[in-house]
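Below: one structure, written as structure tokens.
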Amino acid sequence: MAASTAAGKQRIPKVAKVKNKAPAEVQITAEQLLREAKERELELLPPPPQQKITDEEELNDYKLRKRKTFEDNIRKNRTVISNWIKYAQWEESLKEIQRARSIYERALDVDYRNITLWLKYAEMEMKNRQVNHARNIWDRAITTLPRVNQFWYKYTYMEEMLGNVAGARQVFERWMEWQPEEQAWHSYINFELRYKEVDRARTIYERFVLVHPDVKNWIKYARFEEKHGYFAHARKVYERAVEFFGDEHMDEHLYVAFAKFEENQKEFERVRVIYKYALDRISKQEAQELFKNYTVFEKKFGDRRGIEDIIVSKRRFQYEEEVKANPHNYDAWFDYLRLVESDAEAETVREVYERAIANVPPIPEKRHWKRYIYLWVNYALYEELEAKDPERTRQVYKASLELIPHKKFTFAKMWLLYAQFEIRQKNLPFARSALGTSIGKCPKNKLFKGYIELELQLREFDRCRKLYEKFLEFGPENCTSWIKFAELETILGDIERARAIYELAISQPRLDMPEVLWKSYIDFEIEQEETERTRNLYRRLLQRTQHVKVWISFAQFELSSGKEGSLAKCRQIYEEANRTMRNCEEKEERLMLLESWRSFEDEFGAISDKERVDKLMPEKVKKRRKVQTDDGSDAGWEEYYDYIFPEDAANQPNLKLLAMAKLWKKQQQEKEAAEQDPDKDIDESES
């Protein structure tokens, strides 16, 4: 055991250690290796020695060796069909047809699905003019493998080359029973046409379009009829195709081909009908080619009206697709209706309007209804202005007003348009009834205003008064309504009534624009030249607000009154306003008052009055203050301007101290300037 182990150890070769691991001086590249290999391939090798067979015995010996080699190869791997084919071809080269036939039969037993094997077998028989044998092989091939088209093509071609037309036709018929691909049918048709058998070809086409019912095949059938001059047959084929595919499986290519056929026959009205029929039924995305061809046709053979019809139909198709995709796309409906109104008949327009208004917004919220309601408006206007049908217009308005959920929201526009329509029809009671119903169901400012405006135009002032009363009961905070009511009474000359309305208005606890109302009341009293009443109004207003504009307006009123002592009264109001506004935090407003007072004194006052106001004018001071964000953190400092009034400065010692400090600084600067000036004076005197 120890000896064997020692022997084993001796047999293990030692790995040579590489001492020098540096790269070699001469490097061999991969390119060099490849080039050398290629060069060695090109070296001329001596041809193998030629063997000459001189007698029959040597020939038999050669055949035996060769056959043995082939048989050995086959025995090693029976499934390699190339070995069988080589063997059979070798036997064929020796004119040993029977042996070759035997080899092919043995190979078919191994793999009868091999297409190449059948083809080589049949080719061998055809080369050696063994026609019946070849027929037998083709029959077996198409029976065994009927879906291999190559066998059928070869078989029919062989029969046709032999002039056996009936036999070829019989093979084709057998083939067609298997319903092969389209090319096979075309081969059969072309075969019949080569022998001028048009009727037979037509029969084949009839079967073909039923087995392969594609549009292109129907078109080929029709073109076949057209090519051979059977135009009536061709038209019938197209008509059958249209009927066969119906409305569910319409294809633009069929209609384009049909139209072009009719165009070639100069049947232009038929062409137009075909295009219009197809365009009305095929969706826009699938009818691009159809539109294009129709446009070209109309440009060639149609008039201007026909071309316009194409454009309109194309756009109509587009809008149809849009509203089908989203029925609540009201903008698409508006565009569609505008197009239809410009071109179509009244019934068509009504039909589209009915389809449009059927798409009621699903949510009862006004923002969703705003676009929708204009469909009703346009519908009513179309019926009134275009169709000239007042009864239908009335029905449209009534239907729209019944549809709107008035408990949640309403559209004053619809009520007012309906009322205006009834007035145009001279049905004043209907208009009043509609507006009265609207105010009862869903009172709105716009409805009241519209109704009042209508009655004003009719000079029904008592009705206007009643409406204003209802309006103010509905919205007592609406200052505009109070003002309009008072203005109406003023126009009618009932001053006391107008004044009473104003008094009622200003006594309301809540108003939306009180300043406008007070101004209107004051202007009213000024117009009536009631100075004392106006003054009292200003005093009442100042009890409610101390706004600077009220004081200025009051002062200007006293100035403009033109009576004795108006200047003194105006100055007195300014003084009173200044005293009142000393405690006001808004310093800009106080400044505005003083500026107004100064402009008054500049125009009407004495010098002493002007100086007095000038002494009251504030000083503009720049200050800094801390800025804080919303969360309370510091955001730095910002500069701002503040106004310091002399009256306030006298009351605040720190402001007085600040003024003194400023004065001292100014004196210091003047003193420094004076020290530098003597030197300058000396230089000037010397020069």
Side-chain angles (χ1 to χ4, degrees), residues 308-309 311-313 315-316 318-320 322-323 326-361 364-406 408-439 441-442 444-458:
E308 287 176 357
D309 284 346
I311 296 164
V312 168
S313 63
R315 286 172 61 197
R316 185 181 297 167
Q318 180 182 346
Y319 291 137
E320 280 288 350
E322 286 185 26
V323 298
N326 182 9
H328 292 96
N329 182 2
Y330 301 121
D331 289 327
W333 281 112
F334 287 129
D335 294 338
Y336 189 10
L337 287 161
R338 203 175 298 120
L339 172 71
V340 174
E341 281 181 30
S342 65
D343 192 64
E345 297 176 357
E347 286 305 317
T348 310
V349 177
R350 283 184 183 125
E351 183 190 344
V352 178
Y353 265 118
E354 291 295 336
R355 285 172 55 202
I357 60 177
N359 299 297
V360 183
E365 291 182 12
K366 191 166 184 176
R367 61 193 179 93
H368 295 292
W369 284 64
K370 280 183 177 179
R371 295 294 290 158
Y372 169 72
I373 206 67
Y374 276 98
L375 289 172
W376 286 97
V377 172
N378 291 350
Y379 190 8
L381 292 174
Y382 171 78
E383 289 291 355
E384 182 185 359
L385 303 175
E386 300 294 332
K388 310 290 186 188
D389 192 339
E391 192 53 42
R392 282 188 73 94
T393 309
R394 189 173 288 110
Q395 289 173 8
V396 170
Y397 276 122
K398 286 182 177 178
S400 66
L401 292 170
E402 285 173 9
L403 184 67
I404 298 167
H406 298 292
K408 295 185 177 178
F409 58 86
T410 191
F411 288 95
K413 182 184 287 293
M414 286 304 295
W415 291 104
L416 294 172
L417 284 171
Y418 179 36
Q420 289 161 7
F421 159 74
E422 292 293 2
I423 290 167
R424 285 195 293 273
Q425 301 303 315
K426 298 183 173 61
N427 289 329
L428 184 58
F430 281 22
R432 280 180 174 149
S433 172
L435 289 171
T437 306
S438 71
I439 289 169
K441 276 188 176 181
C442 43
K444 280 184 74 174
N445 291 349
K446 200 172 180 182
L447 285 170
F448 277 109
K449 287 175 184 175
Y451 198 177
I452 290 166
E453 189 178 346
L454 168 66
E455 296 295 355
L456 275 173
Q457 288 172 355
L458 297 169

| Parallel, tilted or perpendicular for Tyr353 and Tyr379, by the 30°/60° rule? |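 Rings of Tyr353 and Tyr379: parallel, as their planes differ by under 30°.
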
| said: A side-chain contact here means heavy atoms from C-beta on lying under 4.5 Å apart; do Val396 and Tyr382 qualify? | reply: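 Heavy-atom side-chain distance check fails, nothing below 4.5 Å.
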
| task | Run the salt-bridge test on Arg350 and Glu383 with the 4.0 Å N-O cut-off and return the result as yes or no. | result |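 So Arg350 pairs with Glu383 through a salt bridge.
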
| Reported CD-to-CG distance for the pair Glu354 and Leu375, which is rounded to 0.5 angstrom |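 The CG atom of Leu375 is 11.5 Å from CD of Glu354, to the nearest 0.5 Å.
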
